[in-house]
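We count ligands from 1, going down the list as the structure has it; atoms in each ligand are counted the same way.
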Amino acid sequence: MNYILTHIHQLIPVNAQGKLKLSGKDMASTLILQDAWLWVKDGKIKEFGLMSEFPENISEVQLMPVPGRIIFPGFCDSHTHLVFAASREQEFVDKIQGLTYEEIARKGGGILQSAVHIENCSEAELYDKAFERIQRLIQLGTTALEIKSGYGLNLENELKMLRVITRLKNNLSITIKSTFLGAHAIPMRWKSNPEGYVQEIIEEMIPAVGAERLADYIDVFCDEGFFSPEQTLKILAAAAKWGLKPKIHANELAISGGVQAGVQANAISVDHLERIGSAEISALQNSSTLPVLLPGTSFFLRIPYGPARDLIAAGLPLVLASDYNPGSSPSGNMQFIFSLGCVYLRLLPLEALVAITLNGAAALEISDQEGSLEPGKKANFNITYPLPDIAALPYYYGESHIAHTAVQGVFQGTAPSGYR
Ligand code: NIG
Ligand code: FE
């Protein structure tokens, strides 16, 4: 494979000059090349430049003109729960009619409902459903993903979910990272003794997950009514013995101490952060932990949006992800996250793009290989339909603008005309 896309209307490589993430004001200043070319060789980016400086004496390279189109890196979605057995639209209707989260839980809804669905679903069926979802996400421009367990809530079903994720990892060409989220909710059997479940996670589940090498990361829902910072730190310490690094759910429902717990445990990222203030922001400033906002959840649950502008003003490397799950964010469409980032988080289009590409890759620890189109990195990129400017993508929300997606240089679905 050796081709050059030429006459690209706008090429946005999200060039970070070797840096593994872009922080603060650097997020807005990533390069836009007008009328550009992009050379792909053996699945990697070879070079890019302006048409006015097109390399001479090129032979045996296929040229593919894509006038009017915009090219940028594939989306790197660092937070999903896309292995689930069934949708929960009845809960959605109940919420429209005014039922609270607690009332829904009392009716048997919420995470525990998804756990019942997982229990009744075979591993093969679960795999097929997740595989279909990922195919749709690739068509929408996603080229790297994290997937969590957390709807099993007992050893057998957590392992079932993680084995499905492992098979997806092995069978697909996009990068997938796997996260063990046994501490997603307190199952009914431990309702009167939540500490017993924490012990079960530490003594039974983590060793089994670790021994089978089924996860890259450990997650805990560290929030009011779920797991406390103390319980979280205990779980993270047990997981560290198996090499599982933390990526945790924090501060979605309350100022829970989750951000500080994540920073203390040297988490790769703390995710959600709908409810944070200056104490959480300064804790993040003194750490290498990445702040991940999930605006799809704020939209769908009508809860506050995280303070994206404050995080950027504090010089932090903001990440946005989808949180794709059947309860609080039933969409993994990163183009919609792009629009929400601009509209509700007040990010400039380039800032939002950095947050869902390079910085997303950093939250997956793959930004040395993915997340930007720099020489030597994987040729994972999107080609839009004709658009006047990158800002038109989040502006025209609610439809897909992605005409072609390449993973390691190979077009998934249709290729631009002229491709052999
Ligand atoms: O990230 N916050 C915790 N977990 C999910 C919700 C899961 C569900 O309701 O199924 C989230 O929003
Ligand atoms: Fe989540």
Next item on the list: State yes or no: are the ring centers of F338 and F72 separated by less than 6.0 Å?
Entry: no
Next item on the list: For K160 and E123, indicate whether the former's side chain and the latter's backbone hold a donor-acceptor pair under 3.5 Å.
Entry: no
Checklist line | Six-ring centre of Y217, K245 cation under 6.0 angstrom, axis tolerance 45° | finding: no
Checklist line | Point-to-point distance, once rounded to the nearest 0.5 Å, from CD1 of I383 to CE of M64 | finding: 7.0 Å
Checklist line | Closest approach of any protein heavy atom to atom 5 (C) of ligand 1, naming residue and atom | finding: H184 NE2, 3.6 Å
Check: Given that the side chain starts at C-beta and the backbone is N, CA, C, O, which of these parts of Y151 lies under 4.0 Å from ligand 1, counting heavy atoms, or is it both or neither?
Finding: side chain
Check: Of all the non-hydrogen atoms in the protein, which one sits nearest to atom 3 (C) of ligand 1, and at what distance?
Finding: F221 CE2, 3.3 Å
Note to self: Closer than 4.0 Å to some heavy atom of I111 - which atoms of ligand 1 meet that?
What the structure shows: 7 (C), 8 (C), 9 (O), 10 (O)
Check: Tell me, which N, O or S atom in D323 is closest to the Fe ion (ligand 2)?
Finding: OD1
Checklist line | Opening angle at the Fe ion (ligand 2) [NE2, H79; NE2, H249; to 10 degrees] | finding: 90°
Next item on the list: With atom 9 (O) of ligand 1 as the reference point, say which of H249, R88, E252 has the nearest heavy atom.
Entry: R88
Check: From H272, does some N, O or S atom reach closer than 2.8 Å to the Fe ion (ligand 2)?
Finding: no
Item checked: Nearest-contact summary for atom 6 (C) of ligand 1 - protein heavy atom, Å -> S328 OG, 3.5 Å
Check: Which heavy atom of the protein is the closest neighbour of atom 11 (C) of ligand 1, given with residue, atom name and distance?
Finding: D323 OD2, 3.2 Å
Margin query: Please confirm whether the ring centroid of H117 lies under 6.0 Å from the ring centroid of Y151.
Written below: no
Notebook entry, point to check: For the ring pair F336 and F299, is the centre-to-centre distance below 6.0 Å?
Noted result: yes
Checklist line | Polar side chain donor-acceptor pair, Q231 to E195, under 3.5 angstrom | finding: yes
